[in-house]
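Worksheet: the structure to be examined is printed underneath.
The shown structure was predicted, so the numbers you read here are calculated from the model rather than taken from an experiment. The chains referred to below are lettered A, B, ... by the order of the sequence lines, with proteins before strands, and numbering in each begins at 1.
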Amino acid sequence: DGGITQSPKYLFRKEGQNVTLSCEQNLNHDAMYWYRQDPGQGLRLIYYSQIVNDFQKGDIAEGYSVSREKKESFPLTVTSAQKNPTAFYLCASSRLASDTQYFGPGTRLTVL
Amino acid sequence: AQTVTQSQPEMSVQEAETVTLSCTYDTSENNYYLFWYKQPPSRQMILVIRQEAYKQQNATENRFSVNFQKAAKSFSLKISDSQLGDTAMYFCAFMTDTEKLVFGKGTKLTVNP
């Protein structure tokens, strides 16, 4: 089956720890994205990548880092510098940068 | 900056009836794309419908259709024959060839039996 997978579904982190959220797609899409969703809010763009080995900051990149070493994978690291990391994180991909984005099932991150 | 406004935080509809969700946007671009996404309680974002600004014909997908008014910068979603499974958050989103996807804050739709 073609699609986007995110793991884990739930993640708990202690303050001061870095954690990495996984996003994998087998749709052969060039572009991948990370969004953050807070209660009562729409999605906000953290980082995006239009091609392997290249990525750009979105609207709320502070405290986050990414890598794009393979076309299928776009992991997001939430660092200890992120002041309020508790949120729902969604990964998406699109064939090209201006195409329709399709989303993974999301990861719920909670800081204890 | 592009903005998307959904003026109805919550709506409800009886099963089998029709409901319309509102969305307005602000842009100076002439070529752009509009989307409606559905987020059910599972929280997976699911594409409902897509509209290209250069197309005058309103997009339809089964029970879902849009009323795209380019001059008014309005993009409403009509759901016909509402079903219990339509209960979800609905997000309107906007994108250009050079700007990334921008989302509204969403409308929570409840379909009552």
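- Tracing side-chain contacts under 4.5 Å through hydrophobic residues (I, L, V, M, F, W, Y), one never reaches A/Phe103 starting from A/Ile46; they form parts of separate clusters.
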Interface of chain B and chain A, donor-acceptor atom pairs under 3.5 Å:
{"unit_1": "B/Tyr37", "atom_1": "OH", "unit_2": "A/Gln101", "atom_2": "O", "d": "2.6"}
{"unit_1": "B/Gln39", "atom_1": "OE1", "unit_2": "A/Gln37", "atom_2": "NE2", "d": "2.9"}
{"unit_1": "B/Gln39", "atom_1": "NE2", "unit_2": "A/Gln37", "atom_2": "OE1", "d": "2.9"}
{"unit_1": "B/Arg43", "atom_1": "NH2", "unit_2": "A/Gln37", "atom_2": "OE1", "d": "3.4"}
{"unit_1": "B/Gln44", "atom_1": "NE2", "unit_2": "A/Phe103", "atom_2": "O", "d": "2.8"}
{"unit_1": "B/Arg50", "atom_1": "NH1", "unit_2": "A/Thr100", "atom_2": "OG1", "d": "2.8"}

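- A/Ile60 is connected to A/Val19 through a chain of hydrophobic side-chain contacts under 4.5 Å among Ile, Leu, Val, Met, Phe, Trp and Tyr, so both are in one cluster.
- Within a 6.0 Å sphere centred on NZ of B/Lys78, heavy atoms belonging to other residues, nucleotides or ligands number 12 at most.
- Looking at B/Met95, the atoms closer than 4.5 Å to chain A (heavy atoms on both sides) all sit in the side chain, from C-beta outward.
- Proximity to chain B (any heavy atom under 4.5 Å) is shown, for A/Leu43, by both the backbone and the side chain.
- Within a 6.0 Å sphere centred on CG of A/Leu96, other residues, nucleotides and ligands contribute more than 12 heavy atoms.
- B/Val102 and B/Phe91 fall into different hydrophobic clusters, where Ile, Leu, Val, Met, Phe, Trp and Tyr are joined by side-chain heavy atoms under 4.5 Å apart, directly or via other members.
- When the candidates A/Ala92, A/Gly106, A/Gly104 are compared by the number of heavy-atom contacts under 4.5 Å with chain B, A/Gly104 comes out ahead.
- No chain of hydrophobic side-chain contacts below 4.5 Å, direct or via other Ile, Leu, Val, Met, Phe, Trp or Tyr residues, connects A/Phe88 to A/Leu76.
- Linking Ile, Leu, Val, Met, Phe, Trp and Tyr residues whenever their side-chain heavy atoms come within less than 4.5 Å places B/Phe94 and B/Phe64 in a single cluster.
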